[in-house]
Amino acid sequence: MSGMSRVMLEVDGLSAWYGEARVLADVSLTVAPGEVVTLVGRNGAGKTTLLRSVMGLHHQVEGTVTFEGRDLRRVRADARAKAGIGWVPDDRGIYASLSVEENLTLPPVVSPGDAWSLERVYEQFPVLHERRAFPGTKLSGGEQQMLAMARVLRMGARLLLLDEPSEGLAPVIVQRIGEIIRQIKASGVAVLLVEQNVAFASTVADRHYLLAQGRVVESLDNETFQSRTTQLLEYLGI
Amino acid sequence: MSAFLQYTLQGLAAGGFYALAALGLAVIFGVLGVVNFSHGACYMLGAVASAVLLDTLGLSFWWALLVVPVLMFVFGVLMERLLVQWLLRLDPLYNFLLTFGITLVLVDLVKRRYGVSGLPYQLPPGLDGRVTVGSVSLSLYQVFVTLFAVLVCVAVWALLTQTRIGMIVRASTEDAERSRALGINVGRWVTPVFGFGIGLAGLSGVLAAPFRAITADMGSNFVIILFAVVVIGGLGSILGAVVAGFLVGLVEAYGQAYAPSFAQVLIFVLMALVVLVRPSGLFGREEAA
């Protein structure tokens with residue numbers, strides 16, 4: 001890998017449709033290893049569709065998605081996960097019919113060097129150890145969010161797609177999630193984060209893409225982002 | 001009292017057929033999203049195959065118990081590979097229609113070859129007697145069927161809860177798309193699961209062979225009751241299929257004994273009541289709002 005193009009994920013000219021309705025128009029973005037990049041925008045701006053397209057779950061797409069130099073156009077979702085992309089959906093995606101521990105061990109370990117061991121997961125999240133035999137959905141919202149993130153870290157995902165991890169959680173839990181994101185970032189894992197909570201986004205992210213009506217309207221570094229927080233909040237209508 | 005115990009046993013034995021077949025229906029629905037209407041016809045094929053194998057090859061009941069489910073598994077694999085898989089991407093209604101069509105074809109093929117009068121099948125030697133418990137005399141075969149069905153259900157339950165394959169099947173039953181996004185190749189399990197479900201229907205048919213009239217039409221009533229079982233238990237719920245299977249067997253047996261003209265109606269009254277109180281069935285998960 002050359003020092004200049006340290007790009008882990010590259011999205012180039014991505015458009016997506018739901019039937020006739022175009023929800024993404026010519027979106028291009030990059031994420032480097034160890035970088036946290038957010039997608040900020042109103043509801044319906046196409047943020048979740050973008051994550052789903054990167055994961056290979058949305059099929060009405062044009063444009064290219066490249067992960068670690070590999071063109072993913074013809075790669076199915078399960079193979080994308082095996083390539084090292086970790087999916088943390090906005091509903092957390094915890095299985096009710098699986099125990100907490102089964103939720104953790106369901107995905108295959110894709111990269112033994114990067115994968116967290118079960119011991120490490122339990123050390124970081126003692127509550128998951130305590131409740132390991134409970135059905136996954138018996139956990140609180142915050143615990144389910146931890147579980148969803150721990151699950152892809154145990155896989156050894158090198159790119160995390162986090163869809164609104166702070167949504168509906170108490171400030172203290174949001175803070176904890178921020179800590180985890182900073183910790184995994186330090187280990188070289190990249191994060192593409194969909195977030196409406198601008199204050200939270202500015203505490204974890206390096207760069208931001210502003211999405212409106214399916215287009216990237218602005219790309220900001222975190223410093224600029226912080227200095228324009230008020231304006232952005234207004235723009236988002238929050 | 002003695003009569004009541006006999007009806008109970010009869011109900012449990014019939015419930016065993018329902019539970020096994022409904023289990024197959026539930027895993028197929030869970031993993032493929034296909035409501036397999038041909039399940040009744042596959043149950044019929046299991047019974048017909050037992051009778052034909054006995055008649056032509058002299059294959060005993062015990063061998064049929066082993067061989068027929070394997071044959072039906074192969075039949076299920078072929079059905080999925082040749083037909084069902086092509087419609088999986090479309091509206092589930094298409095596969096419902098396809099499996100309905102397969103049912104008509106299978107039933108008519110059996111009628112054409114073996115007629116409509118029913119094939120003979122004796123109770124297997126050793127199980128044709130009766131056991132006396134206290135003052136009650138019970139059919140040994142019904143005791144056997146009940147215990148055997150419970151045993152198979154427990155084995156399937158263990159397979160689903162204690163193995164990695166079972167974990168993948170449960171996860172994919174709950175949400176196949178999400179499982180794919182977590183690196184599970186759900187497609188790899190589709191064919192074996194379909195074959196497995198059809199194999200269970202066939203096994204149910206073998207058990208029914210010495211006990212019921214073996215005709216081409218024996219599956220048509222069966223499949224209707226099977227759908228009632230699945231609705232009562234909760235669509236997609238494995239435990240629900242088993243519990244509701246035995247429950248419906250009992251209701252049917254008591255109905256036949258104490259209110260013969262209402263026997264069939266009672267099952268659907270039970271279904272209506274369950275749906276009224278718990279729309280997602282006894283063990284179904286409530287749909288997220």
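Chain letters run A, B, ... following the sequence lines, proteins first, then strands; residues in each count from 1. Just so you know, these numbers come straight off a predicted model, no measurement behind them.
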Query raised in the report: Taking every heavy-atom pair that is under 4.5 Å apart, which of B:Asp175, B:Asn185, B:Ile168, B:Thr161 has the most such pairs with chain A?
Result: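 The residue among B:Asp175, B:Asn185, B:Ile168, B:Thr161 with the greatest pair count is B:Asn185.
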If I compare all heavy atoms of [X] with all of [Y], which pair ends up nearest, and what's the gap?
| X | Y | result |
| --- | --- | --- |
| A:Lys82 | A:Pro108 | CE-CG, 4.1 Å |
| B:Gly240 | B:Phe283 | CA-CD1, 3.4 Å |
| A:Val36 | A:Val204 | CB-O, 3.5 Å |

Query raised in the report: Is the closest side-chain heavy-atom distance between A:Leu161 and A:Val194 below 4.5 Å?
Result: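 No - every pair of side-chain heavy atoms lies 4.5 Å or more apart.
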Requested in this report: Could you look at A:Ser99 and say if it's the side chain, the backbone, both or neither that has a heavy atom under 4.5 Å from chain B?
Outcome: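 Contact with chain B involves no heavy atom of A:Ser99 at all.
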Query raised in the report: A:Val110 versus chain B, heavy atoms under 4.5 Å apart: side chain, backbone, both or neither?
Result: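 Neither; nothing under 4.5 Å.
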Report task. Mind ranking A:Met155, A:Arg52, A:Arg76 by heavy-atom pairs under 4.5 Å with chain B and telling me who comes out on top? Result ->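 Heavy-atom pair counts peak at A:Arg52.
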